[in-house]
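This report concerns only the one structure given below.
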Amino acid sequence: RRGRAKAAKAHGGSAGSESAVELALQWLARKQEIGGHWNIAALGEGLDETVRPPSNHSVALTGLAALAFQGAGYGHKTGKYKTTVRKALDWLTKTQNEESGAFHANMYEHGIATFALADARRLTGDAKLEPYLGRGIRYIHRAQSKKLGGWRYTAGHDSDTSVTGWQVLALSTAKGVVKIPRRVRKGISDWMGRATAKDGRTGYTSAGGASPVTTAVGVTIRLFMGSRRSSKLVKMGASHIPSYLDAQLQSKNFYFLYYGSLAMFQMGGEKWKPWNKKVRDSLIEWQ
């Protein structure tokens with residue numbers, strides 16, 4: 001936890017942003033269900049019915065909540081939120097199909113849950129998570145589209161950049177426990193080749209129609225799979241992301257802000273500082 005606070009300060013965190021994180025985690029802890037999960041009914045109290053998802057998405061929500069606590073340095077072994085995080089991870093592991101390794105049939109949900117377990121293993125070193133993590137990662141390996149190289153909603157069918165992004169975050173975070181096979185790496189590279197235009201922007205299901213979100217996801221995928229910041233397509237893709245920021249802040253596009261921040265943080269230096277200030281201060285203001 002102390003190491004995380006030091007890193008936050010070094011990379012542009014402020015007293016205001018740290019306070020906002022703590023308030024947000026307190027809110028999440030209050031909203032956790034007795035069983036350890038989160039659901040949209042509780043989180044969406046007061047929201048207009050038209051913006052509520054049609055499903056409770058509890059697997060994905062629980063994974064994202066665990067990632068939030070862990071990102072703030074609160075794991076399931078020590079600290080004031082250890083019970084909250086432990087209950088979340090216990091609930092996720094109980095949802096896993098022991099035979100297939102799937103946490104959910106929807107690859108968004110499965111990827112996020114696997115990412116959360118990989119992050120928990122990385123943060124705490126808890127070897128008891130490894131069987132669940134291993135099964136989850138191997139399911140991602142099997143679920144990859146053999147034809148296109150990425151992932152989409154259903155295992156083994158088609159590909160899109162958005163779903164692929166979550167699988168890559170899970171794979172790269174777990175690589176100290178489960179290696180990424182060469183064929184999986186090649187598939188990801190093939191998909192990125194199909195989905196990325198000559199100007200470095202990335203599309204959703206093809207190189208055409210690139211959006212702010214998919215471009216940010218594309219840069220993140222390349223960086224997390226080991227591309228250098230100086231590589232041509234990374235530099236070109238990253239150069240577009242800041243130009244989208246004002247409009248995406250205006251519309252409060254949190255999906256773009258998540259992946260854009262991952263990409264800009266990995267790019268580092270002078271690319272990160274102005275981005276961080278704008279996003280950090282906007283989030284504090286919205287809370």
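Just so it is clear, the structure is predicted and the values come from calculations on it, not from any experiment.
Panel note: side chain Arg86, backbone Lys77; no donor-acceptor pair is recorded below 3.5 Å. A donor-acceptor contact shorter than 3.5 Å links the side chain of Arg280 to the backbone of Gly12. Distance alone, capped at 3.5 Å, is enough to place a donor-acceptor pair between the Thr161 side chain and the Gly203 backbone. Checking side-chain atoms of Ser145 against main-chain N and O of His157 turns up no donor-acceptor pair under 3.5 Å. The main-chain N or O of Met267 is found under 3.5 Å from a side-chain atom of Arg229 such that the two form a donor-acceptor pair. Panel note: side chain Ser172, backbone Val168; a donor-acceptor pair is recorded below 3.5 Å. Judged by distance alone, with hydrogens and angles left aside, the side-chain atoms of Gln167 form a donor-acceptor pair with the main-chain N or O of Val163 at under 3.5 Å. Checking side-chain atoms of Gln248 against main-chain N and O of Phe256 turns up no donor-acceptor pair under 3.5 Å. At least one donor-acceptor pair closer than 3.5 Å links the side chain of Gln32 to the backbone N or O of Thr84. The closest donor-acceptor contact from the side chain of His110 to the backbone of Gly136 lies under 3.5 Å.
Here the closest non-hydrogen pair linking Trp91 and Gly36 is CB-C, 4.2 Å. Summarising the geometry of Leu249 relative to Trp286, their closest heavy-atom pair is O-CZ2, 3.4 Å, with the distance given to 0.1 Å. The two residues Ser159 and Thr205 have their closest heavy-atom pair at O-CG2, 3.9 Å. The two residues Val184 and Gln144 make their nearest non-hydrogen contact at O-NE2, 3.1 Å.
A donor-acceptor contact closer than 3.5 angstrom links the side chains of His57 and Glu109. One side chain, Arg222 or Thr196, offers a donor N or O that lies under 3.5 Å from an acceptor on the other. Side chains of His11 and Asn276: no donor on one and acceptor on the other come within 3.5 Å. With hydrogens and angles left out, the side-chain atoms of Asp160 and Tyr204 include a donor and acceptor closer than 3.5 Å. Between the side chains of Ser162 and Tyr255, at least one donor-acceptor pair of N or O atoms lies under 3.5 Å. One side chain, Trp275 or Ser261, offers a donor N or O that lies under 3.5 Å from an acceptor on the other. Residues Thr214 and Ser211 have side chains that bring a donor and an acceptor to within less than 3.5 angstrom of each other.
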Test side-chain contact (heavy atoms from CB on, under 4.5 Å) applied to Leu148 and Asp190, step by step: CA-CA 7 Å; Leu148 298 175; Asp190 289 348; over 6 Å; no
Working for side-chain contact (heavy atoms from CB on, under 4.5 Å), residues Lys31 and Asn39: CA-CA 9 Å; Lys31 294 291 184 177; Asn39 70 66; over 6 Å; no
Val219 vs Thr202, side-chain contact (heavy atoms from CB on, under 4.5 Å): CA-CA, chis, key distance, verdict: CA-CA 8 Å; Val219 172; Thr202 306; 5.9 Å; no
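Looking at heavy atoms from C-beta onward, Ile180 lies in side-chain contact with Met225 at the 4.5 angstrom threshold. Side-chain contact between Asn97 and Ser100: present, with at least one pair of heavy atoms (C-beta onward) separated by less than 4.5 Å.
Enclosure of atom NZ in Lys80 by more than 12 non-hydrogen atoms of other residues, nucleotides or ligands within 6.0 angstrom is indicated.
We find that Arg121 and Glu130 are joined by a salt bridge, their nearest charged nitrogen and carboxylate oxygen being less than 4.0 Å apart. We find that Lys87 and Asp90 are not joined by a salt bridge, their nearest charged nitrogen and carboxylate oxygen being 4.0 Å or further apart. Salt bridge annotation for Lys277-Asp281: present, with a cationic side-chain nitrogen under 4.0 angstrom from a carboxylate oxygen.
The same ILVMFWY cluster, assembled from side-chain heavy atoms under 4.5 Å apart, contains both Leu169 and Leu64. By the rule that hydrophobic residues join a cluster once side-chain heavy atoms approach within less than 4.5 Å of another member, Leu23 and Trp27 end up as members of separate clusters. Two different hydrophobic clusters hold Ile284 and Leu257 under the rule that ILVMFWY side chains link at heavy-atom gaps under 4.5 Å. In terms of hydrophobic clustering, with Ile, Leu, Val, Met, Phe, Trp and Tyr side chains grouped at heavy-atom distances under 4.5 Å, Phe115 and Leu123 are assigned to different clusters.
Ring pair Tyr258/Phe254: centre-to-centre distance not below 6.0 Å. Ring centroid separation for the pair Phe103 and Trp166 does not come in under the 6.0 Å cut-off. Taking the six-membered ring for Trp, Tyr74 and Phe69 have ring centres at least 6.0 Å apart.
Separating the OG1 atom in Thr114 from the CG atom in Leu171 is a distance of 8.5 Å, to the nearest 0.5 Å. Taking CZ from Phe224 and CD from Gln266, the interatomic distance works out to 4.5 Å, rounded to the nearest 0.5 Å. Remark: Tyr132 OH to Thr95 OG1 distance equals 10.5 Å, nearest 0.5 Å. Atoms CE and CG, from Met264 and Leu223 in turn, are 8.5 Å apart once rounded to the nearest 0.5 Å. Taking OG of Ser189 as the start and CZ of Arg182 as the end, the distance is 13.0 Å to the nearest 0.5 Å.
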Table please: side-chain donor-acceptor pairs of residues 231-247 below 3.5 Å, with sequence neighbours left out.
{"from": "Ser231", "atom 1": "OG", "to": "Arg228", "atom 2": "O", "distance (Å)": "2.9"}
{"from": "Ser239", "atom 1": "OG", "to": "Met236", "atom 2": "O", "distance (Å)": "2.6"}
{"from": "His240", "atom 1": "NE2", "to": "Asp199", "atom 2": "O", "distance (Å)": "3.0"}
{"from": "Ser243", "atom 1": "OG", "to": "His240", "atom 2": "O", "distance (Å)": "2.5"}
{"from": "Asp246", "atom 1": "OD1", "to": "Lys278", "atom 2": "NZ", "distance (Å)": "2.6"}
{"from": "Asp246", "atom 1": "OD2", "to": "Lys278", "atom 2": "NZ", "distance (Å)": "3.4"}

